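All figures in this text were calculated on a predicted structure; none of them were measured in a lab. Every chain is numbered from 1, with letters handed out A, B, ... down the list of sequences. Any value given below was found using the heavy atoms of this structure, including those in side chains, with hydrogens, waters and symmetry copies removed.
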Amino acid sequence: MSETVLELRNVTRAFELSQGAFRRAAKLTAVADVSLKVGRGEVFALVGESGSGKTTLAKMLLGLLPPTSGEILVDGMPISPKDRVAVSRRVQPIFQDPYSSLNPRKSVAQLIALPLIVHGVGDRTTRRAQVLAMLDRVGLSPRHYDAYPGQLSGGQRQRVAIARALILKPEVVICDEPTSALDVSVQAQILNLLLELKRELGLTYFFISHNLAVVEHLADRVAVMYLGRFVEERTRAGLFASPRHPYTRVLLESVLTPDPDLGVPDTRIGTAAGMPASELGCPFEPRCPSAAEVCRTTVPMVRTLPDGWTTCHLIEEEAAIVP
Amino acid sequence: MPLLEVENLVVDLPVSSGTLHAVNGISFNLERGETLAIVGESGSGKSMTSLAVMNLLPKRANRRANRLVFDGIDLANAPNARMRTLRGSRLAMIFQEPMTSLNPSYTIGNQLTEALRCHRSVPIASARDRAVQLLEKVGIPGAARRLGQYPHQLSGGLRQRVMIAMALMCGPDLIIADEPTTALDVTIQAQILHLLADLKREFGMAMILISHDLGVVARVADKVAVMYAGQVVESGAARSLFGTPRHPYTRGLLNCIPVPGRTTPGAPLGAIPGQLPSLIGPQRGCAFRERCAFAAPECAGDIAFITAEPGHDVRCVRLGALGMAA
Ligand SMILES: Nc1ncnc2c1ncn2[C@@H]1O[C@H](COP(=O)(O)OP(=O)(O)OP(=O)(O)O)[C@@H](O)[C@H]1O
Ligand SMILES: Nc1ncnc2c1ncn2[C@@H]1O[C@H](COP(=O)(O)OP(=O)(O)OP(=O)(O)O)[C@@H](O)[C@H]1O
Ligand code: SF4
Ligand SMILES: [Mg+2]
Ligand SMILES: [Mg+2]
């Protein structure tokens, strides 16, 4: 793998949930013991169902939320929310909703220039030139310079969000469902733009999406998250050709391609949605179509695979291919 | 006789700068047990079409149709009381925005059982049983416990599923589902679409499915109508339409989405440049012509439907020139 630009070491994040004045607060572990490395220039995709902890992980990568335990490193240097401003030079976000992530009272120029001002980059004249160049880069015209978000379409707003994320020339862009709120025609434009910018600027993407066809289109590596844990991490080609973890398999079976000869698959795991993870065994056991006795009693360890790893009792370890 | 006949449906909305033509003369028929999917980008008039059938349009809206007939009942002239009885018993709707049809001050159990008991005299216990059964079918675990909860105590995804269960309580003849699974995880989405397909098979329920997800549409629909700027630009059996999409807009839409095995990872996706035209003021010619790569002067004139294959109609004057005519 290329040089590591982003690394997580055993990162856990728990939330206290208040249960009223007289009861002890309950603890919810949104991210549990996650470790990962992202190489420079890679697209690392994260998939998993709603509530599995994807956004919580993204917020920690952005320095917006401290981990309860574990370490996050950017370029080998540990980050902490204390140096949020320093982190933001290197790691920038693009969020799902271009409607709520842009302040409606700021003009496009103000929105895009804000990171430059916060970091004291350049003066009025150079900032103006930079913003205009960035508008052009993301496919907006100079006439959008003084526009307000309310005057833009959803796709144009997402272009503004991308321009704002890229103006400081970050190394890593965290994309949390960047196209989920958009029409397919606009989604295609934004995905094309993201891929083009990545090639030109050598960006690294941490890409969260529930659209597996989109993930297959642009990811290099994919991690599958289930109730706060990674259950499988593979190369794109490996994961989509031969998913190993039972949850990954159900996820891929549920993808509906536009093929009228295939009906809707009956995956049969949904009825247990929202079931608590089993305490002793594999977190997926209560819903797993292939669960065995050992799955109820013992937490599965990591199984190494030629192009990654998974955590399931029923998967045989395979030697990693040493490059 | 079809279960639902819609002929030349028009929905106009007065706005400050004139009249907005949200639905501009669309026609379709639906048989018992049949699923029609309506696809098209945001603002193309999908929700307005379904609200027009249910007579739930915004007050200012002006609805007209040559025919709007459900099982022999003229919906265009049905009194409000008649419509209220039909809705919730024989006609049901799953709204795009889940909170619009859940009342925040009643429990889920109350609302589900009332949905049935308003229209049928069934004992409360059997209404409860049906509620629990449907909640389980839409993938809500511990359904019996959920009956005592209020809408605000549920996540968005759970609320969406409660709404789907509620629409199914009376066993409707026709259900209109407006983006029923957009906010849900793919695993739950598959499960709910599976349930709807079962109901269609078992009870002959007809469905109008509104979605912008071409994958969902292809897998669920018997026939498909592609909407653009308030009009249907192409319609036909799902197999025919997805097998040989003919209208430049339909083909453009299908080229926009990455399809595993068909598109090359990382390669640029097809794109439709530009935006939906303004729907305010008189509309003439092909509404897609500003964005269409094949547009010619005749596209500004009147455009009629051309039958490309039996049951597969396309609204484009250039089909012959594109080698796409029958
Ligand atoms: N500030 C918070 N306080 C308490 N619980 C929280 C907080 N933020 C997130 N959670 C909980 O942590 C879990 C993970 O949430 P998160 O938003 O990371 O999920 P997600 O994978 O991004 O889901 P989605 O796909 O719906 O966006 C959820 O159970 C959520 O309710
Ligand atoms: N209450 C309203 N007053 C005025 N115009 C409206 C109103 N509601 C919708 N419109 C307009 O009517 C047109 C059709 O809207 P409609 O909601 O039917 O679109 P849609 O196809 O359902 O889109 P989406 O995929 O975003 O739900 C749009 O141009 C929209 O802006
Ligand atoms: S009628 Fe003309 S503009 Fe419209 S889709 Fe056909 S070729 Fe394109
Ligand atoms: Mg999230
Ligand atoms: Mg709508």
Side-chain angles (χ1 to χ4, degrees), chain A residues 43 47-52 153-156 180-189 191-192 195-196 198-199 210-220 236-237 240 247 250-275 286-287, chain B residues 41-43 136-142 155-158 183-194 196-197 212-221 224 237-243 252-273 275-276:
Chain A
V43 180
V47 299
E49 67 193 345
S50 185
S52 56
S153 71
Q156 288 170 335
S180 318
L182 305 174
D183 271 323
V184 290
S185 59
V186 184
Q187 165 174 290
Q189 295 169 11
L191 293 178
N192 287 348
L195 280 170
E196 205 180 294
K198 172 185 122 68
R199 271 192 293 270
H210 64 252
N211 186 329
L212 285 126
V214 166
V215 167
E216 184 165 1
H217 185 69
L218 94 195
D220 297 307
R236 187 238 358 256
F240 285 98
Y247 177 63
V250 173
L251 214 50
L252 295 197
E253 274 170 33
S254 310
V255 176
L256 304 179
T257 51
D259 194 333
D261 290 325
L262 304 175
V264 182
D266 186 4
T267 55
R268 286 171 218 263
I269 69 152
T271 35
M275 295 259 290
R287 293 169 73 189
Chain B
E41 66 195 80
S42 189
E136 271 167 7
K137 283 204 169 170
V138 296
I140 297 185
S155 72
L158 285 175
L184 302 177
D185 287 313
V186 288
T187 51
I188 301 292
Q189 164 170 290
Q191 185 182 347
I192 286 175
L193 295 174
H194 207 86
L196 292 172
H212 61 252
D213 186 327
L214 296 160
V216 168
V217 166
R219 300 293 190 101
V220 175
V224 180
R239 196 159 289 161
S240 173
L241 193 134
F242 282 96
L253 272 186
L254 282 163
N255 284 334
C256 282
I257 53 170
V259 180
R262 227 172 290 168
T263 42
T264 315
L269 298 165
I272 308 175
Q275 290 172 37
L276 213 62

- Message: Less than 4.5 Å to any heavy atom of chain A: does that hold for the side chain of Gln275(B), its backbone, both, or neither?
- Response: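 Looking at Gln275(B), just its side chain touches chain A.
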- Could you look at Ala238(B) and say if it's the side chain, the backbone, both or neither that has a heavy atom under 4.5 Å from chain A? both
- Indicate the atoms forming the closest heavy-atom contact of Pro265(A) with Ala190(B), along with that distance.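 Closest heavy-atom pair between Pro265(A) and Ala190(B): O-CB, 4.1 Å.
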Counting heavy-atom pairs under 4.5 Å with chain B, which one of [options] comes out on top?
options: Asp259(A), Leu218(A), Leu195(A); result: Asp259(A)
options: Ala237(A), Ala188(A), Gly51(A); result: Ala188(A)
options: His210(A), Arg199(A), Arg236(A); result: Arg236(A)
options: Leu251(A), Asn192(A), Val186(A); result: Asn192(A)

- Query: Under a 4.5 Å heavy-atom cut-off, does chain B meet the side chain of Leu191(A), its backbone, both or neither?
  - Reply: side chain
- Heavy-atom contact with chain B under 4.5 Å, split by part of Glu216(A):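 For Glu216(A), backbone and side chain are both near chain B.
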- Message: Taking side chain to side chain contact (heavy atoms under 4.5 Å, CB included) as the criterion, tell me which of Val255(A), Leu256(A), Leu212(A), Asn211(A) meets it with Val186(B).
- Response: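 Single side chain to side chain contact (heavy atoms under 4.5 Å, CB included) partner of Val186(B) among Val255(A), Leu256(A), Leu212(A), Asn211(A): Leu212(A).
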- Heavy atoms, side chains only, cut-off 4.5 Å: are Thr257(A) and Arg219(B) in contact?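 Thr257(A) vs Arg219(B): side chains touch.
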Side-chain donor-acceptor pairs under 3.5 Å in residues 254-271 of chain B, sequence neighbours left out?
unit_1    : atom_1 : unit_2    : atom_2 : d
Asn255(B) : ND2    : Arg251(B) : O      : 3.3
Thr263(B) : OG1    : Val259(B) : N      : 2.8
Thr263(B) : OG1    : Val259(B) : O      : 3.0

- Message: Determine whether a donor-acceptor pair (N or O, by modelled atom type, separation under 3.5 Å) exists between the side chain of Glu253(A) and the backbone of Thr187(B).
- Response: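 The answer is no, because no donor-acceptor pair under 3.5 Å joins these two groups.
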- Item | Those residues that, when tested against Arg239(B), pass salt bridge (charged side-chain N to carboxylate O under 4.0 Å, His left out) (two or more places apart) | Asp261(A)
